[in-house]
Student: 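Below is a structure I'd like to ask you about.
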Amino acid sequence: MEKQEESRECDKGFSCSFMLLKPEEVKFIDLFRILFSSNLEDRKFVDSSSETEESFRYRWLIFISILAQKMLMLTSKPMAWMGSKIEMLLNLLAINNFLVLLRGKTKKPDKDSSTFISFIGNMDKRMKLDSKIKPEHGCHYYSALSMMASKASYENRAYIETIVKDHWKVYILRVFGLADYQEKATTQLFFMRDKSENHDTIVVAFRGTEPFDADAWCSDFDLSWYELQGMGKIHGGFMKALGLQKNVGWPMEYKANETRKEPLAYYFVRDKLKALLSESENTKYILTGHSLGGALAILFPSILFLHEEKLLLQRLEGVYTYGQPRVGDEKFGKYMESKLEEHKIRYFRIVYCNDMVPRLPYDDKDLLFKHFGTCVYYNRHYQGKVRHCPFLSFI
């Protein structure tokens, strides 16, 4: 109870209202009590700024959300173990031919080597950028660069450095593991720079949800939210991964924490970009990411708007996300569309029809999460269509 009151005291400093689910505190019997109590605030696993007299349908969705998260928490270690074994097997088959395997003289894959490929990478082994797409092609070039950077963000440091330098012929600035709300280095990203005489673009690529990472999947299924003054309601888990601070929310300046070995994502990326952009007036940057990484990519400028970071907003060329989940409510969507238009920032959300993640968190008449912006939608035949339909529920 004391922990819950402390949490509420902290939250009131930066959030107008909030509704936070805490599945780690849910017992088996509590799961079913959710369905029969109209006031979720009475439940210790819900931290809310006000009474939450909700419909049965809404409580049913809360039930599904918490159940999914509990199942993921219980299976997190087996999932991670299975994912590790599958990746090792795929890489074992990649570096050893059939005859070598029969003789039993196999080479063992090295997880830290530049040739080790993640599970996601094994699904699409393309390494080269399309040489036909040039910087002068604008959105097409940024989209191609973003797509390959988002894919590469799942790989280890050695692989990223090799592919960026040797195959893409651009500069790798650095690969980072950054701390999130739980003070774990779970938010991953990397910087790269494509620079020539007439062109200078920095790419910030956030890593997405790994298939066997239970913590990341919990964020996708979470229905928690914070409401920021004048902005709307924003997904709580994604804000934490971006760098939300427990006691103060989103202050302008970041204060170091002795217990946190890695910096918070938003503040580190912001300061790194400021330093790089100050070197030249012609340097611009784009933000990108797949899945969870896409959510972080579009939420990053929302905090820039909050802090009125003029330099970073002027130099932001665009945001390109792939398979991005929903990040906020309809009010937040309208706020972001207005601000993106005001600062002439392009935002493209690329979606494949059978991808489940863009449909999370689940949306219907009882839930608040909505998509916004320009959607580039591909059907199962990979035929694309551009749709600018704010707050679409199905994509």
Side-chain angles (χ1 to χ4, degrees), residues 120-121 123-124 126 129-130 132-133 137-154 203-211 216-217 219-221 223 232 234-235 238 286-302 316-341 344-365 367-395:
I120 292 290
M123 297 173 66
D124 182 357
R126 287 177 297 170
L129 292 173
D130 189 341
K132 296 179 181 179
I133 303 177
H137 294 155
C139 287
H140 296 289
Y141 173 75
Y142 294 127
S143 179
L145 196 62
S146 296
M147 177 181 64
M148 296 301 287
S150 295
K151 187 173 81 72
S153 67
Y154 286 93
V203 180
V204 182
F206 292 89
R207 189 187 69 181
T209 306
E210 294 189 331
W217 279 106
S219 292
D220 288 334
F221 280 99
L223 299 181
I234 310 173
H235 190 284
F238 300 151
I286 57 176
L287 301 166
T288 189
H290 170 256
S291 187
L292 170 63
L296 301 182
I298 189 55
L299 285 179
F300 184 85
S302 74
L316 177 54
E317 189 68 26
V319 182
Y320 298 79
T321 70
Y322 301 85
Q324 173 210 309
R326 300 181 178 96
V327 297
D329 67 354
E330 184 172 341
K331 180 179 179 180
F332 178 71
K334 290 180 178 178
Y335 169 85
M336 286 297 292
E337 289 201 326
S338 173
K339 287 293 185 178
L340 290 169
E341 183 178 358
K344 297 180 174 59
I345 299 170
R346 290 173 287 196
Y347 167 45
F348 294 96
R349 184 172 53 83
I350 293 85
V351 176
Y352 173 64
C353 72
N354 291 328
D355 189 352
M356 179 180 72
V357 176
R359 294 163 171 81
L360 297 174
Y362 186 64
D363 171 45
D364 69 358
K365 63 180 181 180
L367 286 184
L368 55 91
F369 295 100
K370 305 290 182 182
H371 276 310
F372 61 92
T374 301
C375 174
V376 182
Y377 177 76
Y378 289 91
N379 63 21
R380 62 194 179 111
H381 301 294
Y382 292 96
Q383 296 170 329
K385 180 182 292 186
V386 178
R387 306 188 64 165
H388 184 78
C389 299
F391 325 120
L392 285 173
S393 61
F394 61 95
I395 55 174

Student: Between Glu337 (side chain only) and Gly373 (backbone N and O only), is there a donor and an acceptor less than 3.5 Å apart?
Tutor: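 The answer is yes, because a donor-acceptor pair under 3.5 Å joins these two groups.
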Student: Looking at Arg126 and Asp124, is there a salt bridge between them, counting it only when a charged N and a carboxylate O are closer than 4.0 Å?
Tutor: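 Salt bridge flag = yes for Arg126 with Asp124.
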Student: Measuring from atom CG of Leu316 to atom NZ of Lys344, what distance do you get when rounded to the nearest 0.5 angstrom?
Tutor: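 NZ of Lys344 is found 13.5 Å from CG of Leu316.
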Student: Can you see which heavy atom on Ala149 is nearest to which on Val203, and at what distance?
Tutor: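 Closest pair (atom of Ala149, atom of Val203, distance): CB-CG1, 4.0 Å.
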Student: For Tyr335, which residues count as a ring-ring contact (aromatic ring centres under 6.0 Å, His included) partner, sequence neighbours excluded?
Tutor: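 In terms of ring-ring contact (aromatic ring centres under 6.0 Å, His included), with neighbours along the sequence ignored, Tyr335 is linked to no residue.
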Student: For Tyr347, run the ring-ring contact (aromatic ring centres under 6.0 Å, His included) check against Phe300, Tyr142, Phe372 and tell me which one passes.
Tutor: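 Going through the options one by one, the only one that passes is Phe372.
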Student: Identify the two heavy atoms, one from His235 and one from Pro361, that lie closest to each other, and give their separation to 0.1 Å.
Tutor: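 In terms of heavy atoms, the two residues are closest at CD2-CG, 3.5 Å.
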Student: Restricting to ring-ring contact (aromatic ring centres under 6.0 Å, His included), what partner residues turn up for Tyr320, sequence neighbours left out?
Tutor: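 Checked Tyr320 against ring-ring contact (aromatic ring centres under 6.0 Å, His included); matches are Phe348.
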Student: Is the closest side-chain heavy-atom distance between Ser153 and Phe206 below 4.5 Å?
Tutor: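 No, every pair of side-chain atoms sits at 4.5 Å or beyond.
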Student: Which residues pass the salt bridge (charged side-chain N to carboxylate O under 4.0 Å, His left out) test with Lys151, sequence neighbours left out?
Tutor: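 Lys151: no salt bridge (charged side-chain N to carboxylate O under 4.0 Å, His left out) contacts found.
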Student: Please identify each residue that fulfils side chain to side chain donor-acceptor pair (under 3.5 Å) with Tyr154, with sequence neighbours left out.
Tutor: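 Tyr154 satisfies side chain to side chain donor-acceptor pair (under 3.5 Å) with His290 once adjacent residues are dropped.
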Student: Going by the rule side-chain contact (heavy atoms from CB on, under 4.5 Å), which residues pair with Ala216 if we only count those two or more places apart in sequence or in a different chain?
Tutor: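 If we apply the side-chain contact (heavy atoms from CB on, under 4.5 Å) test to Ala216, skipping adjacent residues, the hits are Thr209, Asp213, Leu292.
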Student: What are the two closest non-hydrogen atoms of Arg380 and Tyr352, and how far apart are they?
Tutor: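 Heavy atoms of Arg380 and Tyr352 come nearest at CA-OH, 3.6 Å.
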Student: Give me the atom names and distance for the closest heavy-atom approach of Ala297 to Thr321.
Tutor: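 So the two residues come closest at CB-CG2, 4.2 Å.
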Student: To the nearest 0.5 Å, tell me how far Leu360 CG sits from Arg326 CZ.
Tutor: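 Reported value, rounded in 0.5 Å steps: 7.5 Å.
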Student: After noting the C-alpha distance and the side-chain angles of Tyr322 and Ser143, does the key distance pass the side-chain contact (heavy atoms from CB on, under 4.5 Å) rule?
Tutor: CA-CA 10 Å; Tyr322 301 85; Ser143 179; 3.5 Å; yes
Student: Donor-acceptor pair, Ser150 side chain versus Ser146 backbone, under 3.5 Å?
Tutor: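 Yes; judged by distance alone, with no hydrogens or angles, the pair exists.
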Student: Taking side chain to side chain donor-acceptor pair (under 3.5 Å) as the test, write out the residues that go with Glu317, two or more places apart.
Tutor: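 Expected list: Lys284, Arg346.
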Student: Using only atom types and a distance under 3.5 Å, with no angle test, would you say the side chain of His371 pairs donor to acceptor with the backbone of Pro358?
Tutor: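 Flag set: sc His371 to bb Pro358 pair under 3.5 Å.
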Student: Within a 6.0 Å radius of atom OH on Tyr378, are there more than 12 heavy atoms belonging to other residues, nucleotides or ligands?
Tutor: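 12 or below, so no.
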Student: For a quick test of reading the model, state the closest non-hydrogen atom pair linking Gly294 to Gln324 and the distance between them.
Tutor: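 Scanning both residues completely, I find the closest heavy atoms to be C-CG, 3.8 Å.
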Student: Which pair of heavy atoms, one from Phe238 and one from Ser219, lies closest together, and at what distance?
Tutor: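 Phe238 and Ser219 have their closest heavy atoms at CE2-O, 3.9 Å.
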Student: Distance from Asp355 atom CG to Ile350 atom CD1, nearest 0.5 Å?
Tutor: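 Spacing of CG (Asp355) from CD1 (Ile350) equals 12.0 Å.
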